[in-house]
Amino acid sequence: MSLVSLFFVVVREILVILCRKSTIANMSIHRSEQELVRIQALEQLRNMGIEPFPAAEFKATHKAKDLLKDFKDEQEVVLAGRLMSVRVMGKASFAELLDSSGRMQIYINRDEICPGEDKELYNTVFKKLLDFGDFIGVEGTTFTTKTGEPSILVKKLSVLGKSIRPLPVVKTDDQGKVYDKFSDPELRYRMRYVDLIVNEHVKSTFIARSKVMQSMRNFFNEQEYLEVETPILQPIPGGASARPFITHHNALDVPLYLRIANELYLKRLLVGGFEGVYEFAKDFRNEGMDRTHNPEFTVMEIYVAYKDYNWMMDFTEEMIERVCMELHGQTKVKVGEKEINFQRPFKRITMIDSIKEFTGFDISGMNEEQLREVCKSLNIEVEPSMGKGKLIDEIFGEKCEGNYIQPTFITDYPKEMSPLCKEHRTNPELTERFELMVNGKELANAYSELNDPLDQRARFEEQLKLNERGDDEAMFIDQDFIRALEYGMPPASGMGIGIDRLVMLLTNNDSIQEVLFFPQMRPEKFGEKKVELNENEQLIVNTLKKEGTMMLNELKDACGLSNKQWDKGIKALGKLGLTQVEKTEDALLVHYKGE
RNA sequence: GAUCCUGUAGCUCAGCUGGUAGAGCAUAUCACUUUUAAUGAUAGGGUCCUGGGUUCGAGCCCCAGCGGGAUCACCA
């Protein structure tokens with residue numbers, strides 16, 4: 001070992017000890033041994049004139065994936081990424097470089113990166129001061145090792161960014177078996193940045209999510225529909241029935257709601273003369289969270305003038321089939337144990353026929369009383385607040401919905417539960433509405449949009465009555481929206497599709513948390529850990545302070561604490577260096593060491 | 001909101017009937033110029049989620065709380 005590196009080792013040991021002591025003294029942040037070592041390495045890099053967080057641009061010429069795809073030896077390349085899985089073998093080392101596209105093996109040879117007499121860059125910087133997880137840049141030539149692994153022979157090594165927290169070390173053997181997997185859901189969701197680094201498939205889920213949205217966008221733009229943005233802060237939360245989040249605008253001194261839907265605003269744009277508008281919208285609903293619900297979620301809504309819900313079914317099929325083809329190159333998708341085929345055309349069935357099929361009851365033309373009887377005989381629990389529409393929805397939800405694994409359009413919903421939807425052209429009890437069911441769950445929802453302002457006002461008033469009956473999710477009346485309809489809205493069809501659920505299906509994830517970068521969680525507590533003595537510790541200190549030194553038994557008795565409280569207190573004080581217990585021949589003495 | 005499971009080293013997890021907190025990886029030191037879960041040797045590393053209780057003694061038993069997960073309920 002050279003004198004220089006010996007010097008560094010000694011300095012580091014001293015600094016680590018000092019650092020740990022001062023940490024205990026001010027107790028501000030608890031750092032593990034590994035973190036302290038890394039912070040010292042960072043300081044040493046600076047002392048050697050190497051900036052651990054350089055500002056300058058680093059020009060990489062390649063990405064790992066592109067290089068591996070068409071790998072040739074003897075190429076001059078520059079790569080940047082994270083240093084992963086370092087394997088040092090004396091004067092030569094292998095490691096992996098992880099960039100946004102994937103991993104590439106690098107080969108670092110002492111005499112290649114340190115051609116002169118000075119071997120510091122290899123012996124000290126690379127071997128001692130660089131850690132798993134640091135950002136580095138490498139310049140060198142490609143070659144294939146004798147075990148056949150495509151690699152880069154590194155000629156130049158640059159430090160691009162130090163990491164002071166160690167990543168979880170996840171290892172995979174040649175059979176693909178994963179060791180020490182980073183799998184705790186809490187840690188994965190709270191620290192998604194770590195999850196994305198060490199769990200490769202997580203990144204691919206989010207890339208798929210982006211591709212799905214891009215395919216849809218292309219599909220709409222090709223037909224010259226316009227992507228728009230509408231308010232998220234709304235004075236009246238309309239367009240759906242759900243409990244909203246409420247906030248307050250100071251300057252106007254009015255309450256505002258985070259939108260639960262954007263439907264009413266997109267329709268205003270049809271009134272304004274656009275013939276096709278769409279929005280990828282974050283909506284917010286103040287309701288329970290579970291595997292398929294997050295308080296904020298993404299919906300794509302599209303409205304096209306002069307179309308009806310039949311046209312929209314064709315359009316929806318085509319869109320989903322295309323999205324699936326562009327993502328997977330085929331229409332079949334594995335979802336859990338099932339295989340779902342998004343090939344057109346999807347099955348279509350009316351809600352009444354579906355209920356007939358799965359329950360044997362023909363509910364067409366039934367009144368509320370008769371529907372209650374049906375629910376009773378099917379053992380479905382109902383509440384007095386439920387109207388006709390809600391009762392039918394209960395029956396469908398309980399007995400039918402879950403059966404539709406393959407994509408199926410359920411059509412012609414009862415009028416009462418669809419206040420924004422046009423009455424059915426042949427049956428005034430029904431509406432021109434469909435929902436797309438996949439894997440037993442609703443994926444999309446569409447109407448021939450109601451554009452009769454007088455009918456719309458009447459439907460809203462119906463909702464108000466339901467509200468008075470105790471349905472706290474019935475809709476409010478948006479007077480401005482009705483005024484817009486009164487100026488005339490072209491006949492149109494609109495459709496909304498849950499992006500999170502679509503992505504779950506297409507990426508075979510059964511939890512919405514897996515397709516959201518940052519799913520909602522209870523806020524983490526970052527407790528400031530100060531040396532505030534608790535009551536018991538304070539009592540011991542105060543008692544001991546007067547005497548300076550006491551017999552252990554006397555001190556304990558004087559404090560009057562239970563065994564456990566005493567034990568905890570005296571241990572904690574010892575750790576903080578405030579007391580010291582000395583064993584003499586015939587007794588235990590406690591010395592006070594504080595100021 | 002209900003029930004069940006869970007919380008131990010940086011990570012993944014053991015921990016017996018209640019009796020001195022363990023392993024692998026990671027870290028540190030040494031060796032090693034084609035390795036790939038690199039290898040060999042040595043060493044250090046802990047608020048056993050928190051607070052009470054029982055006990056001579058609690059990671060383990062009891063009570064209360066906190067975090068997370070699963071199932072159910074709620075939910076267009």
Side-chain angles (χ1 to χ4, degrees), chain A residues 1 5-6 9 12-13 16 20 30-38 40-41 84-96 103 105-112 122 128 131-133 143-149 151 153 165-190 194 198 239-243 260-261 285-293 381 389-390 393-394 396-397 401 413 417-421 433 435 442 445 473-475 496 511 513 521-525 527 529 534 562-565 567-568 571-572 575:
Chain A
M1 191 198 281
S5 49
L6 180 66
V9 169
R12 179 189 310 166
E13 288 301 319
V16 166
R20 194 176 298 154
H30 174 78
R31 293 213 177 270
S32 68
E33 183 192 16
Q34 289 186 52
E35 288 169 341
L36 297 175
V37 167
R38 284 174 177 230
Q40 290 317 313
M84 309 288 275
S85 148
V86 186
R87 299 181 288 280
V88 179
M89 291 161 302
K91 298 178 186 67
S93 305
F94 286 92
E96 277 171 350
R103 285 168 185 249
Q105 177 166 274
I106 59 175
Y107 174 65
I108 298 175
N109 184 301
R110 187 192 68 182
D111 296 332
E112 292 285 346
Y122 182 80
K128 305 238 180 275
D131 291 291
F132 173 60
F143 76 108
T144 306
T145 64
K146 69 181 183 190
T147 54
E149 181 82 19
S151 309
L153 173 62
R165 236 178 234 269
L167 288 167
V169 185
V170 180
K171 294 192 172 183
T172 311
D173 68 15
D174 47 11
Q175 268 102 51
K177 190 169 175 210
V178 181
Y179 297 82
D180 300 334
K181 189 145 66 173
F182 181 63
S183 58
D184 183 325
E186 176 174 6
L187 294 177
R188 286 186 50 229
Y189 301 151
R190 286 197 197 278
V194 173
V198 302
S241 339
R243 269 183 285 272
I260 55 174
R285 297 188 181 176
N286 203 343
E287 281 163 3
M289 295 162 57
D290 60 30
R291 228 175 52 249
T292 56
H293 296 85
E381 274 184 46
K390 199 107 185 169
D393 190 42
E394 281 298 310
F396 180 78
E401 194 174 76
Y413 280 59
M417 56 188 292
S418 313
L420 299 167
C421 183
R433 172 181 184 175
E435 283 194 359
E442 175 197 344
N445 180 22
E473 287 183 346
M475 296 185 190
S511 161
Q513 299 177 103
M521 297 192 95
R522 192 176 291 278
E524 198 172 354
K525 280 187 201 134
K529 280 169 189 161
N534 69 24
S562 74
N563 285 335
K564 178 130 183 176
Q565 287 170 328
D567 192 54
K568 281 220 165 183
K571 271 183 188 164
K575 240 180 188 174

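Remember, it's a predicted structure, so these values are computed and weren't measured experimentally.
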Donor-acceptor pair present, [X] side chain and [N] base, under 3.5 Å:
{"X": "A/Glu33", "N": "B/G44", "value": "yes"}
{"X": "A/Glu442", "N": "B/A76", "value": "no"}
{"X": "A/Thr147", "N": "B/U36", "value": "yes"}
{"X": "A/Asp290", "N": "B/C74", "value": "yes"}
{"X": "A/Asp184", "N": "B/G68", "value": "no"}
{"X": "A/Gln105", "N": "B/U35", "value": "yes"}

Any [X] side-chain N or O less than 4.0 Å from OP1/OP2 of [N]:
{"X": "A/Gln40", "N": "B/A28", "answer": "no"}
{"X": "A/Arg38", "N": "B/U27", "answer": "no"}
{"X": "A/Arg285", "N": "B/C75", "answer": "no"}
{"X": "A/Lys390", "N": "B/A76", "answer": "yes"}
{"X": "A/Arg87", "N": "B/A37", "answer": "no"}
{"X": "A/Arg110", "N": "B/U33", "answer": "no"}
{"X": "A/Lys171", "N": "B/A26", "answer": "yes"}
{"X": "A/Ser93", "N": "B/A38", "answer": "no"}

Taking C-beta and beyond as the side chain, do [X] and [Y] meet within less than 4.5 Å on heavy atoms?
{"X": "A/Asp131", "Y": "A/Gln34", "value": "no"}
{"X": "A/Tyr107", "Y": "A/Glu112", "value": "no"}
{"X": "A/Gln105", "Y": "A/Arg87", "value": "yes"}

Does A/Asp290 have any side chain to side chain donor-acceptor pair (under 3.5 Å) partners at least two apart in sequence or in another chain, and if so, which?
-> A/Thr292, A/His293
Verify the stacking flag for A/Tyr179 against B/A37: centroid separation must be under 5.5 angstrom and the ring planes must differ by under 30 degrees.
->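 Here A/Tyr179 meets both the 5.5 Å and the 30° conditions.
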Integer angstrom distance from the P of B/A31 to that of B/G69 |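 To the nearest whole Å, 48 Å.
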Where along nucleotides 1-8 of chain B does protein come under 4.0 Å, by heavy atom, of base (B) or sugar-phosphate alone (S), with - for untouched nucleotides?
-> --------
Sugar-phosphate, base or nothing in reach of A/Val88, heavy atoms under 4.0 Å |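 Counting heavy atoms under 4.0 Å across all strands, the contact made by A/Val88 includes a base.
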Check every strand shown and say whether A/Gln513 touches a base, only sugar-phosphate, or nothing at a heavy-atom separation below 4.0 Å.
-> sugar-phosphate
Watson-Crick or G-U counterpart of B/C72, or none if no pair lies under 3.5 Å = B/G1
